[in-house]
Amino acid sequence: MAPRRAPWVVFGAGGHARAVVDVIERAGGWVVAVSGLAAPGSWHVECLEDDLQALERVRAEGLRAVVAIGSNQARLNLVRAILAEGALVPAVVAGTATVSPRSRLADGTVVLEHAHVGPATTVGVGVIVNTGAVVEHDCAVGDGSHVAPGATVLGGVVIGSGTFVGSGARILPGVVVGDDVTVGAGAVVTAAVPDGLTVVGVPARPASVGEGKSRNTSRGAFR
């Protein structure tokens, strides 16, 4: 995990980026710049036009990078691309979050305010554990997944790559959730969910057409 006193560039300039910048600054670090489209005057730090410009800044000045965009696949692609360039993309953990020293956070993971990651849990590359989310003991969360605000992942759960667990959802102990799954807000997952499925409700069931969550994956790495 990165030292608190460190300069950062944040890849992203939307709402999630604001939350990540706030976490870094509350922890005593400072953000040199963000990258992406932003209205003039909407940020208190420098706004870079695109990800390539941000990467050049990271390499030239030896800065740390964090990717703060919501789209799971786009975020994971960008984290991997930055790592491939030899830049540092350490995990970011909010000061109010609790992360067991017996858990493991991979590069590019962000754990936001009041979230919890329990012991013997492994969190993959480019994961978001969002505000107030709980990932309990003995879990595994795959690369590029997102546990949304207030969601609860109970002990022994396995979540695949690129999966979205919606706000307030619960995954019951020992359940296996596949890759690229969407768990709707407030759903309670009681049984295994295959790859690519969207589930909603209590207990969670496959969503009907148009009932699931649409996810934008348009942002490419250094386009």
Heavy-atom side-chain proximity of Thr122 to Val141 below 4.5 angstrom = no

Residues that Glu49 engages under side chain to side chain donor-acceptor pair (under 3.5 Å), provided they are two or more places apart | none

Main-chain N/O of Val200 paired to Arg205 side chain as donor or acceptor, under 3.5 Å | yes

How close do Ala148 and Gly166 get, heavy atom to heavy atom, and via which atoms?
-> CB-C, 3.7 Å

Report, one line per pair, each donor and acceptor closer than 3.5 Å where one atom sits in a side chain of residues 149-161; sequence neighbours left out.
none

Got a donor-acceptor contact below 3.5 angstrom from the Ser145 side chain to the Gly162 backbone?
-> yes

Side-chain donor-acceptor pair present, Asn72, Arg75, cut-off under 3.5 Å | yes

Exercise: identify the closest heavy-atom pair between Ile82 and Ala65 | CG2-CB, 4.1 Å

Check: Val66 and Ile24 side chains under 4.5 Å, non-hydrogen atoms = yes

Rounded to the nearest 0.5 Å, what's the gap from OG1 on Thr182 to CG on Leu197? Could you check?
-> 9.0 Å

For Thr109 and Gly124, indicate whether the former's side chain and the latter's backbone hold a donor-acceptor pair under 3.5 Å.
-> yes

Quick one: does Phe164's side chain get under 4.5 Å of Ser71's, heavy atoms only?
-> no

Are the side chain of Asp180 and the backbone N or O of Thr163 linked by a donor-acceptor pair below 3.5 Å?
-> no

Stepwise side chain to side chain contact (heavy atoms under 4.5 Å, CB included) test for Val23 and Val93 | CA-CA 7 Å; Val23 161; Val93 177; over 6 Å; no

Taking all heavy atoms of Leu112 and all of Thr131, pick out the closest pair and write down the distance.
-> CB-N, 3.7 Å

To the nearest 0.5 Å, how far apart are CZ in Arg57 and CG in Leu52?
-> 14.0 Å

Any side-chain heavy-atom pair from Val183 and Val193 closer than 4.5 angstrom?
-> no

Does the side chain of His44 come within less than 4.5 Å of Val31's, by heavy atoms?
-> no

Apply the side-chain contact (heavy atoms from CB on, under 4.5 Å) test between Pro203 and each candidate in Thr190, Val189, Leu172; give the one that qualifies.
-> Thr190

With a 3.5 Å cut-off and sequence neighbours excluded, list the donor-acceptor pairs that the side chains of residues 11-20 form with protein atoms.
residue: Arg18; atom: NH1; partner: Ser42; partner atom: O; Å: 3.1
residue: Arg18; atom: NH2; partner: Ser42; partner atom: O; Å: 2.8

Does any pair with a residue in residues 63-104 pass ring pair (Phe, Tyr, Trp, His ring centres under 6.0 Å), and if so which ones, sequence neighbours excluded?
-> none

Passing candidate, side-chain contact (heavy atoms from CB on, under 4.5 Å) with Val135, options Val147, Val165, Val99, Val127 | Val147

Close side-chain approach of Val181 to Thr198, heavy-atom, < 4.5 Å | no

Sequence neighbours left out, what pairs pass ring pair (Phe, Tyr, Trp, His ring centres under 6.0 Å) with at least one residue falling in residues 79-137?
-> none

Indicate if Leu78 and Val32 have the same hydrophobic cluster label, given that clusters are the connected sets of ILVMFWY residues with side-chain heavy-atom separations under 4.5 angstrom.
-> yes

Would Leu48 and Val34 satisfy side chain to side chain contact (heavy atoms under 4.5 Å, CB included), going step by step from the backbone distance to the final call?
-> CA-CA 6 Å; Leu48 304 174; Val34 298; over 6 Å; no

Least distance between heavy atoms, Val202 atom then Gly186 atom | CG2-O, 3.6 Å

Among all residues two or more places apart in sequence or in another chain, which pass the salt bridge (Lys or Arg N to Asp or Glu O under 4.0 Å) test with Glu113?
-> Arg26

When rounded to the nearest 0.5 angstrom, what distance separates CD1 in Ile128 from CD1 in Ile69?
-> 8.5 Å

Going through the checks in order, is the side chain to side chain contact (heavy atoms under 4.5 Å, CB included) test met by Glu61 and Glu56?
-> CA-CA 9 Å; Glu61 300 180 24; Glu56 291 171 351; over 6 Å; no

Please report the shortest heavy-atom distance between Leu105 and Ala91, naming the atom on each side.
-> CB-CB, 4.0 Å

How many angstroms lie between atom CZ of Arg102 and atom OG1 of Thr121, to the nearest 0.5 angstrom?
-> 11.0 Å

Identify whether Leu88 and Val79 are in the same connected component of the hydrophobic contact network (ILVMFWY, side-chain heavy atoms under 4.5 Å).
-> no

Any chance you could lay out the side chain to side chain contact (heavy atoms under 4.5 Å, CB included) test for Glu136 and Val134, step after step, and finish with the verdict?
-> CA-CA 6 Å; Glu136 266 295 354; Val134 173; 3.9 Å; yes

